[in-house]
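Everything on this sheet refers to the single structure shown next.
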Amino acid sequence: MPKYYKVYDSNNTVYVTIDDSGAVIIKDESGKKVFLSKEQARLMKFSVDNLFRGLFEGDDAEVHVEELKEV
(Lines give C-alpha, C1' and ligand atoms only; values in the text may rest on other atoms or scores of the structure.)
Protein backbone atom coordinates (compact mmCIF):
# COMPACT_ATOMS: atom_id res chain seq x y z
CA MET A 1 0.00 0.00 0.00
CA PRO A 2 1.49 3.40 -0.96
CA LYS A 3 2.34 5.95 1.74
CA TYR A 4 1.66 9.64 1.33
CA TYR A 5 3.45 12.50 3.07
CA LYS A 6 3.17 16.27 3.17
CA VAL A 7 6.55 17.97 3.74
CA TYR A 8 6.41 21.70 4.38
CA ASP A 9 7.90 24.76 5.97
CA SER A 10 6.55 28.30 6.17
CA ASN A 11 7.27 28.96 2.47
CA ASN A 12 6.88 25.73 0.49
CA THR A 13 5.02 22.43 0.44
CA VAL A 14 5.77 19.20 -1.41
CA TYR A 15 3.79 15.99 -1.46
CA VAL A 16 5.66 12.69 -1.44
CA THR A 17 4.26 9.30 -2.44
CA ILE A 18 6.23 6.12 -1.75
CA ASP A 19 4.81 3.09 -3.53
CA ASP A 20 5.19 -0.59 -2.66
CA SER A 21 8.31 -0.99 -4.83
CA GLY A 22 10.08 1.85 -2.99
CA ALA A 23 9.75 4.30 -5.88
CA VAL A 24 9.16 7.92 -4.89
CA ILE A 25 7.00 10.60 -6.53
CA ILE A 26 7.56 14.18 -5.37
CA LYS A 27 4.97 16.78 -6.39
CA ASP A 28 5.09 20.51 -5.66
CA GLU A 29 2.16 22.87 -5.21
CA SER A 30 2.14 23.84 -8.89
CA GLY A 31 1.71 20.18 -9.92
CA LYS A 32 5.24 19.55 -11.19
CA LYS A 33 6.33 15.97 -10.50
CA VAL A 34 9.61 14.14 -10.11
CA PHE A 35 9.65 10.34 -10.35
CA LEU A 36 12.49 8.46 -8.65
CA SER A 37 13.09 4.73 -8.68
CA LYS A 38 14.06 3.09 -5.40
CA GLU A 39 17.75 3.28 -6.38
CA GLN A 40 17.48 6.91 -7.48
CA ALA A 41 15.79 7.79 -4.19
CA ARG A 42 18.60 6.05 -2.29
CA LEU A 43 21.20 8.07 -4.22
CA MET A 44 19.26 11.29 -3.62
CA LYS A 45 19.17 10.62 0.12
CA PHE A 46 22.94 10.09 0.07
CA SER A 47 23.40 13.34 -1.84
CA VAL A 48 21.29 15.39 0.54
CA ASP A 49 22.93 13.82 3.59
CA ASN A 50 26.50 14.32 2.36
CA LEU A 51 26.99 16.58 -0.62
CA PHE A 52 24.34 19.26 -0.10
CA ARG A 53 24.64 19.54 3.69
CA GLY A 54 26.55 22.84 3.46
CA LEU A 55 23.74 24.45 1.46
CA PHE A 56 21.32 24.13 4.36
CA GLU A 57 23.56 25.13 7.29
CA GLY A 58 22.24 28.17 9.09
CA ASP A 59 18.79 27.71 7.57
CA ASP A 60 16.32 28.48 10.36
CA ALA A 61 13.28 27.12 8.50
CA GLU A 62 11.56 24.40 10.48
CA VAL A 63 10.49 21.55 8.21
CA HIS A 64 7.46 19.44 9.12
CA VAL A 65 6.56 15.97 7.82
CA GLU A 66 2.95 14.83 8.07
CA GLU A 67 1.73 11.40 6.96
CA LEU A 68 -1.51 11.60 5.00
CA LYS A 69 -4.10 8.83 4.77
CA GLU A 70 -4.85 9.42 1.07
CA VAL A 71 -4.26 12.00 -1.61
Side-chain angles (χ1 to χ4, degrees):
M1 177 178 283
K3 292 189 177 188
Y4 305 98
Y5 299 93
K6 177 181 176 183
V7 182
Y8 61 96
D9 65 8
S10 59
N11 298 320
N12 296 299
T13 301
V14 294
Y15 297 93
V16 179
T17 303
I18 303 174
D19 71 11
D20 294 336
S21 71
V24 177
I25 302 168
I26 303 170
K27 183 172 83 171
D28 68 8
E29 291 177 309
S30 67
K32 295 177 186 166
K33 293 181 183 180
V34 175
F35 298 89
L36 301 170
S37 70
K38 183 178 181 177
E39 287 302 310
Q40 289 171 322
R42 184 182 64 76
L43 291 172
M44 180 58 80
K45 180 187 180 312
F46 174 82
S47 296
V48 170
D49 287 348
N50 296 291
L51 302 175
F52 302 145
R53 185 174 309 220
L55 293 175
F56 304 112
E57 288 179 3
D59 188 359
D60 294 336
E62 190 172 326
V63 176
H64 304 277
V65 177
E66 179 181 321
E67 186 170 0
L68 304 174
K69 297 295 178 191
E70 284 186 27
V71 174

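- Annotation for Tyr15 and Lys6: closest pair CE2-CG, 3.8 Å, computed over non-hydrogen atoms.
- Atom CD of residue Glu29 and atom OH of residue Tyr8 lie 12.0 Å apart, to the nearest 0.5 angstrom.
- Remark: side-chain polar atoms of Asp20 are paired, donor with acceptor, to backbone N or O of Met1 under 3.5 angstrom.
- Leu68 is listed as a side-chain neighbour of Glu66, based on a closest heavy-atom distance under 4.5 Å.
- A heavy-atom distance below 4.5 Å is found between the side chains of Leu36 and Ile26.
- Linking Ile, Leu, Val, Met, Phe, Trp and Tyr whenever their side-chain heavy atoms come within less than 4.5 Å puts Val24 and Val63 in one cluster.
- No continuous path of hydrophobic side-chain contacts links Met44 to Phe46 [ILVMFWY only; heavy atoms under 4.5 Å].
- Both Ile18 and Val34 are part of a single hydrophobic cluster, where members link through side-chain heavy atoms under 4.5 Å apart.
- Taking each heavy atom of Ser21 and Asp19 in turn, the nearest pair found is OG-OD1, 2.8 Å.
- Within a 6.0 Å sphere centred on CD of Glu62, other residues, nucleotides and ligands contribute 12 heavy atoms or fewer.
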